[in-house]
Amino acid sequence: MNTPVLQTPITYLKGVGPHRAETLQSELGIATYQDLINLFPNRYIDRTQYYKINQLQRSNADVQIIGKIIHIKTVEQKRGKRLVATFVDETGEMELVWFRGQKWIRENLKLNTPYVIFGRCNWYNGKFSMPHPDMELFDEHQKGLKIGMQPIYPSTEKLSNKGITNRVINKMMQQLFLETKGRFSETLSDKILSELQLLPKSESLLNIHFPKNQELLAKAQFRLKFEELFYIQLQLISKKLVRKQKIKGFNFDQVGHRFNTFYRDHLPFELTNAQKRVIKEIRADLGSNAQMNRLLQGDVGSGKTIVALMIMLLAIDNGFQACLMAPTEILAQQHHNGIKELLDNTGVTCELLTGSVKKSARRPIHEQLESGELHILIGTHAVLEDKVRFKNLGLAIVDEQHRFGVAQRSKLWHKNEVPPHVLVMTATPIPRTLAMSLYGDLDISVIDELPPGRKPIKTVHRYDSNRLKVFHFIRNEIKKGRQIYVVYPLIQESEALDYKDLMDGYESIVRDFPLPDYQISIVHGKMKPADKDYEMERFVRGETHIMVATTVIEVGVNVPNASVMIIESAERFGLSQLHQLRGRVGRGADQSYCILMTGHKLSSEAKTRLETMVRTNDGFEIAEVDLKLRGPGDLMGTQQSGILNLKIADIVKDNDILKTARHYAIQILKNDSYLEQSDNRIIRHTYMQLVKHKNIWTYIS
Ligand code: ADP
Ligand code: MG
């Protein structure tokens, strides 16, 4: 069936009048034949498989089991009677339960006779039970074996209220196959079909809606998932290629004396292999004539700053300026201090520009930037102001990306006629699968190794009732000269209560750690920025022992002497936030600790989060768990979740298919960027159709 016919409005389908069409459109977004054919079942009821009782899972799938009833009784309960039968097979026993129609059932059920039961199991009182099972005598069942797998389509309350039940959708689907004779044009090339041994399109669609058996269903699913992921990757990757061809970048072909001298004489430590590899990857970009757009991921403490600095030296060696932007004043200051120290005696100039730099101090910075005297500018958003003009900005580095919007990044671009190379650094690990989908058009480098000699942070989970012991532990650490963070959650919905918790906590700490022996800082969002900075700085300078705070300290702050992170109400934090907070300690030579405080009541998801934190320090492993717990949409925020509204594939579960799809998309575009070769005709055609009919994920703007 060719595409124009598939664009037929759904009202033309026999059995779909204007009313139904309207409901289909509003509830499921179905407007055309094509949309209906792409409505894929959520699940299938499988009447071809039999389960043993000991194979049952606590899932919500319907199952069928062969066994016999050995006992039946009526149980009296407060709200009426129920009928309970003991059902056994050779592997175990379970219960069948009826709340209605008990008399008839009791009279008609046969004891010790093989039955096939079908339905959804509950786990109750340490046993599986099936309420109101579908039952059939095994003999009868064998005679009538005809229904295979029954598809269950997505539904909504409104759909069922308007009578568009699963059965009705199934009927419509049959009608659609009848009218189109089940012939649909192929959308993948012969080469891909044969190499991956994929089912043809028509057969896939037939088996997704009317599966003949498990095997064909699996093949149909594989093919359709592959196709979906393939076209998304094709779009992402071709976008990247086009950008690389269209947007020329500065060519940094020199590895000059500044880079080399620094490497030889000023590097305070040996680079890790991961750092070396990443620098190489970035250098390749910078010499490729195209503008670099790279994401550098590295867990907290993995040493991104030194990588940033060395790349900036490359820019300077090639006659350009560089800038480094951080999301907060404190972070910018820390970068400035650290980098200035590293640049001592190198002749490379570096200045700091933030909101609080005085006007009089700004003027010389502006002048030196325009004259080219100043090599490196470090700062906050202040760097983006129009007044800030570079002589020739060649490289912009953005630290802690998730605090910067895309709009701000693009503002950086417009500081030059030719856009500078852009390196975005983030300490929030993004699982590879997700990165491939969301940032498929960016290049990605990963520092997956920590500098040697780091002591892994010890993480424990403690209940509130053990607070005295925790305080005792803190006292000992302070005696050893260490500093402590105590962090409280703060979320908008419960702001007032959260502030109360914070202040109560602060007061109890002040009581237990009194002046003059102990100095306590507090920092939260209701304070004036100047007061916040003042308190932060006291802690950074080591003048206070304990910092009580809300999550304002989450990003980047570096106090190597702080060795204990206590997170209050830890069950209320997400995994990535917990991991970020923990990363504030473990920056010095001493053993560091993270203590997760909670009450006794914990949801199972909260337990998983806490267990994960206790088990591992690996940010990527944590990100994978987070992805599984929350799903991709939630993880990336609502703004980006649209990207993951896939029709059939699942970014987490279909990771392998995603990799294959990406591989094919890359190979094809490498040889034929504009899909002009005859081999790729079908792909080109399908791609154009998808774009035209907005059936391709318009989110990738
Ligand atoms: P992050 O990736 O979190 O920004 P930093 O760049 O702040 O990490 O580095 C954390 C600490 O590790 C710094 O004190 C830095 O000097 C140190 N460091 C970085 N690279 C190495 C290395 N290869 N060997 C030893 N120490 C290193
Ligand atoms: Mg950093």
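Just so you know, ligand 1 is whichever comes first in the structure, and atom 1 is the first atom listed for that ligand.
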> Is ligand 1 less than 4.0 angstrom away from at least one heavy atom of G301?
Replying inline: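 Yes.
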
> For R454, is the nearest heavy atom under 4.0 Å from an atom of ligand 1?
Replying inline: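 The answer is yes: ligand 1 sits under 4.0 Å from a heavy atom of R454.
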
> Are the side chain of Q321 and the backbone of L377 linked by a donor-acceptor contact shorter than 3.5 Å?
Replying inline: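 No: the side chain of Q321 does not pair with the backbone of L377.
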
> Under the 3.5 angstrom rule, does the side chain of N318 hit a backbone N or O of Q254 as a donor-acceptor pair?
Replying inline: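 Yes.
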
> Can a salt bridge be assigned to the pair E449 and R454 using a cut-off of 4.0 Å between side-chain N and carboxylate O?
Replying inline: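 Salt bridge: no.
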
Closer than 4.0 Å to some heavy atom of [X] - which atoms of ligand 1 meet that?
X	answer
R587	3 (O)
E270	22 (C), 23 (N), 24 (N)
D299	2 (O)
T305	4 (O), 5 (P), 6 (O), 7 (O)
T272	23 (N)

Among protein heavy atoms, which sits nearest to [atom], and what does the distance come to when rounded to 0.1 Å?
atom	result
atom 22 (C) of ligand 1	F269 CD1, 3.3 Å
atom 20 (N) of ligand 1	Q275 NE2, 3.0 Å
atom 8 (O) of ligand 1	G303 N, 3.2 Å

> What are the two closest heavy atoms between L395 and P420, and how far apart are they?
Replying inline: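 Minimum heavy-atom contact is N-CB, 3.8 Å.
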
> Where is the tightest heavy-atom contact between D448 and A274, given as atom of each residue plus distance?
Replying inline: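 Closest pair (atom of D448, atom of A274, distance): OD1-CB, 3.6 Å.
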
> How about R363: does its CZ atom have over 12 heavy atoms from other parts shown lying under 6.0 Å from it?
Replying inline: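 Counting neighbours around CZ of R363, 12 or fewer heavy atoms of other residues, nucleotides or ligands fall under 6.0 Å, so no.
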
> Just heavy atoms, cut-off under 4.0 Å: does L271 contact ligand 1 by side chain, backbone, both, or neither?
Replying inline: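 Backbone only.
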
> What do we get for M425 next to ligand 1 when only non-hydrogen atoms under 4.0 Å count, side chain, backbone, both or neither?
Replying inline: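 It is neither part, as no heavy atom is under 4.0 Å.
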
>> Could you check whether atom 13 (C) of ligand 1 has a protein contact, counting only heavy atoms that fall below 4.0 angstrom?
In response: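 No, no protein heavy atom sits under 4.0 Å from atom 13 (C) of ligand 1.
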
> So, is the end of the R283 side chain (NZ or CZ) under 6.0 Å from the ring centre of F252 and within 45° of the ring's axis?
Replying inline: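 Cation-pi check for R283 and F252: fails.
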
>> Working to the nearest 0.5 angstrom, can you tell me the gap between D626 CG and T608 OG1?
In response: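 Spacing of CG (D626) from OG1 (T608) equals 11.5 Å.
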
>> Pairing donors with acceptors under 3.5 angstrom, does anything connect the side chains of H579 and D299?
In response: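 There is such a pair (donor and acceptor under 3.5 Å, judged by atom type) between the side chains of H579 and D299.
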
